[in-house]
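Notes follow the structure.
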There are 2 protein chains.
Amino acid sequence: MFIIGELINGMYDNIGRAIKEKDKKEIQRCALEQISCGADALDINCGPASKQPLLDMPWLIESVQEVTAKPLCLDSSNLKVITAGLKAAKNKTIINSVTADSEKLDTLIPLANQFGAQLIGITISKKGIPQNKDQRLELAATIVSTCVDQGFPIENLYLDPIVLPVNVAQAQLKDILESIREFKIISEPAPKTTLGLSNVSQSTNARNLINRTFLTMAIAYGLDSAILDPKDNQLMDSLITAELILNKNIYCDSYLEAYRKK
Amino acid sequence: MFIIGELINGMYDNIGRAIKEKDKKEIQRCALEQISCGADALDINCGPASKQPLLDMPWLIESVQEVTAKPLCLDSSNLKVITAGLKAAKNKTIINSVTADSEKLDTLIPLANQFGAQLIGITISKKGIPQNKDQRLELAATIVSTCVDQGFPIENLYLDPIVLPVNVAQAQLKDILESIREFKIISEPAPKTTLGLSNVSQSTNARNLINRTFLTMAIAYGLDSAILDPKDNQLMDSLITAELILNKNIYCDSYLEAYRKK
């Protein structure tokens, strides 16, 4: 499981303040803390309140790169912000994200190719959020076929089925889980799958429980990666144990500690 | 999810002692406590130390029946003990279990038919424990086809893929999960699936975590029932949340409490 830490996001108070005050130490502390908890990559998002994302994104990246060589997941729907981030990045990058709209695909895939970046394709389009797994699969196939046409390596593509909150789209969650399995058989080699986990529990009273239960089920369905809070210890326990059950880590009596020491 | 409480088992100290001293109150307390935690049925097992299981099984059943009308799952590999239990039972019964061996099937299926009992078929045979999902499927198909031949209603059959401990058969757990899905497509109507959950964590240091993670994954694979400890609150939280995600309970902010009040 490729874990992308979600905590460097301007929507969180500490990061919003750090961006505003250019408090590099706070950003670096947050980066290192997530890595020590198991993050393989770090999402970088200026947040909705950023007044100057074209400056903030490179600043965040430069701050983080000073303390880690882990991949960075550039999280913005603004092409200029993504481009500014790619230019600033020395670490490996993942563009988060491209939708299934042709004008987006035709811009972001060449950009990913140019910078050697990986790419998260989300199964959403201008028509809105898909209402079932067939629509998700259709959008996923559009993303994959456009990548193939443009010579983008499918091994570098992550498909995200768009996780919706259980309290507004409960009936869709099973389809979302099944999409994870279906996405893997779109092409050979298979695209990877990822998702923004915390969406599933938005505005609920049992966020951590819902997050870890959904993640465990998604891992059962073959999920390759997730954007999540690696500081949530119980979530990480669930993730490590789910991977143990799928024989991806070797069992020992202290398998939780062994994984964390890795 | 049809929850079969596992705690009335002579291998537990309190039940072993209660059987020995014919302490009916302790058995009844254990029955009611499991039901208050969410058990839909109760497993009844005299345990390996029982010297007179032909007397102990009916006594356990009579004790439990005084306080509940819930179905009872008669757990023994001894045909005479099962028969004694069926004779004593007024509540609905489930025979736990029959293997895929013809001499067992040819005895226990007619017995289940005679008493109107449900039946748990475990995918094991004299040849031993299956080593992969193809062998499990073959044994499951043998059980289903024998039931069909003998006019046993498939809706009353639970197939159990045999859960093995993660510390001895880690590489098999994924196959066991996939067997749950495969068993459902053996026939129309589909057989139900169940499993003895706590086997998965035997002799590990993180029993509860491994149990609830495996159960959550099994629910993702379509599991219909499990034999488990309903007093494990975190396990029940995981179960309730997994069913919520699959849209089997309706979301409300206090969905955990709502389920438990049901």
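Residue numbers start from 1 in every chain, and the chains themselves are labelled A, B, ... in the order their sequence lines are given, proteins ahead of strands. Note that these values count all heavy atoms, side chains included, but never hydrogens, waters or copies made by symmetry.
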How about [atom1] on [X], more than 12 heavy atoms from neighbouring residues, nucleotides or ligands closer than 6.0 Å, or not?
X	atom1	value
A:K192	NZ	yes
A:K92	NZ	no
B:E138	CD	no

* With a 4.0 Å cut-off, would you call A:D237 and A:R212 a salt bridge? -> no
* To do: Decide, yes or no, whether a salt bridge links B:R29 with B:E33 under the criterion of side-chain N to carboxylate O below 4.0 Å.
  => yes
* Asked: Minimum heavy-atom separation for A:P191 to A:V144, with atom names?
  -> CG-CG2, 4.3 Å
Is it the backbone or the side chain of [X] that comes under 4.5 Å from a heavy atom of chain B, or both, or neither?
X	result
A:F214	both
A:L177	side chain
A:Q234	side chain
A:I176	neither

Could you tell me which of [options] has the largest number of non-hydrogen atom pairs under 4.5 Å with chain A?
options	value
B:L256, B:N205, B:T213	B:T213
B:V200, B:I245, B:I250	B:I245
B:R181, B:Q172, B:K174	B:R181

